[in-house]
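Report on the following structure.
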Amino acid sequence: MRYRYIVLLTGIMCWSIVARGQELFVYSEPASNMPAHSLGLRLSGWLMGERETDRLNTHVIPELMWGVNKRLMVHAEGFISNRDRSLRAEGTALYGKYRFYSHDGLYRHFRMAAFARFSANNADIHQEEIETNGHNSGYELGLIGTQLLHRTALSLTTSYERATDNFGKGNEFPSRQAGKAVNFSLSAGHLFWPKDYRHYGQVNVNAMVEVIGQYHPESGHAFTDLAPSVQLIFNSQTRVDIGYKFELAGNMQRTAPNGLLLRVEHLLFNAL
Amino acid sequence: MKKILFVAIFLCAASAAFSQIRSATLKASGLTCSMCSKAIYKSLQKVPFIQAVQPDIEGSTYTISFRPGSRVELDEVRKAVENAGFSVAALQVKAVFPKTAIANDAHVSLSGTNLHFLHVSPQTIQGEQTFTVVDKSFLPEREHRKYGQYTKMACFQTGRMAVCCSKEQGSGRIYHITL
């Protein structure tokens, strides 16, 4: 099983090197930033099937994104889920990304960015997996490196994530659980359409594939997910993403690792 | 009446002088997708002295026309591209010159913009000319450094006129250009 997984991962990496792609990844952020003074509105809906029951976990994450300047962008995130049977607000987070390196060439670039997220969540802690983007209070600090080469885009993200007590009585972080995680993701994109750009009104169709993993040094538990997705861009300003994430391998206790992501995002240029 | 005529002639002459930098072709680097291209397009449109922008998405190129009578600040064009998240790969500017003698290291002031010619043979130019800006951040770094061999003046590194030339009019900013 592990051998098949290694072969699959190697295949994806080789394919991604020759593929033609875009860097607006679905499950991770690229090292590039939004345009300065722009505003982004994003709404993500996660529909994840619980492993132990037949319930569908729904997480809705609205985000307001601001391009502060050419190097810095910040997001304000809200977390809503149906853990308590009906949809309710569970928390919020602040995310910031700072692009500290950029080397541009014709139809290519290499960028590096540092990011941080600080989250507050009042849901019960029901799994080993640490996710400050919707499940855990805590913080995440990471680095992103993105290479664009014509229509090929490859990105590597690595981060350190720390879970703390969630807010509310009974929502303390379990003392016997590992509270620290190391994350990685490797992303690649493919631009299917249009073959030639003629105007901004043309619909762009991208396909992405991302490998996402988490490791807990304290327990030795880990998982690796695969997340293929399709992205449509309308009027070079509005984005619709449809992705499906599933666990490839792992020994970590997770409530609902497999499921669908639907996202819509709109960018307002020169808004602030 | 004579006074009105004099003022009218003066204003026409002044606006003509500020119309000397007419248009430009900008090539941007660091992007492929149309969303990125549109970010640059929108950013350029917000520059006050730019009248119109015509994008070529596939070629990553923008044809820019400047508002007649406006003072053109080439750094603002570059900043618009950088604020969108990308870089200038090339900026070719069309301008109308009065009869002007030029040579390597010649300094010329055009519509309040200081220009320092590099890698040009001694000649006299007049009328519409196209020049390429070879300053840092207007070209890829390797291309920009090649022009350093044509001058010993410090302004090539700093972008600002040195003491030798600071008596000339303008803000002190000087753009290094070639034909």
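Lettering of chains follows the sequences in order, A, B, ..., and the numbering in each one begins at 1. Small disclaimer: the values here were computed from a predicted structure and weren't measured.
For the pair A/L148 and B/T32, the minimum side-chain heavy-atom distance is below 4.5 Å. For the pair A/L267/B/K38, no side-chain contact is recorded, criterion being any heavy-atom separation below 4.5 Å from C-beta on. Within the 4.5 Å cutoff, side-chain heavy atoms of B/I57 are placed close to those of A/Y200. The shortest side-chain heavy-atom distance between A/L191 and B/C33 does not fall under the 4.5 Å cut-off. Counting heavy atoms from C-beta outward, B/L31 and A/H109 have side chains that stay 4.5 Å or more apart.
Ring-centre distance between B/Y41 and A/F269: not below the 6.0 Å cut-off.
With a 4.5 Å cut-off on non-hydrogen atoms, A/H103 does not touch chain B at all.
Within 6.0 Å of CZ in A/R108 there are 12 or fewer heavy atoms belonging to other residues, nucleotides or ligands. Summarising the local packing, NE2 of B/H144 is surrounded by more than 12 heavy atoms from other residues, nucleotides or ligands at distances under 6.0 Å. Applying the 6.0 Å contact sphere to CD of B/E58 captures more than 12 heavy atoms from other residues, nucleotides or ligands.
Taking B/P55, B/A28, B/S43, B/P140 one by one and counting their heavy-atom pairs under 4.5 Å with chain A, the maximum is reached by B/P55. Note on B/A89, B/S37, B/S60, B/G59: by heavy-atom pairs under 4.5 Å with chain A, the leading option is B/S37. Between chain B and the residues A/D196, A/N270, A/I233, A/N33, the most heavy-atom pairs under 4.5 angstrom are made by A/N270. For chain B, the option among A/R111, A/H37, A/R99 with the highest count of heavy-atom pairs below 4.5 Å is A/R111.
Of the inter-residue distances, the one linking A/D104 atom CG with B/S137 atom OG reads 10.5 Å to the nearest 0.5 angstrom. A distance of 9.0 Å separates CE in B/M35 from CG in A/N204, rounded to the nearest 0.5 Å. Here the CD-CZ distance, from B/E82 to A/R71, works out to 9.0 Å after rounding to the nearest 0.5 Å.
Between A/L106 and B/K27, the closest heavy-atom pair is CD2-CE, 3.6 Å. Taking both residues in full, the closest heavy atoms of B/S34 and A/S236 are given as OG-OG, 3.0 Å, listed atom of the first, atom of the second, then distance.
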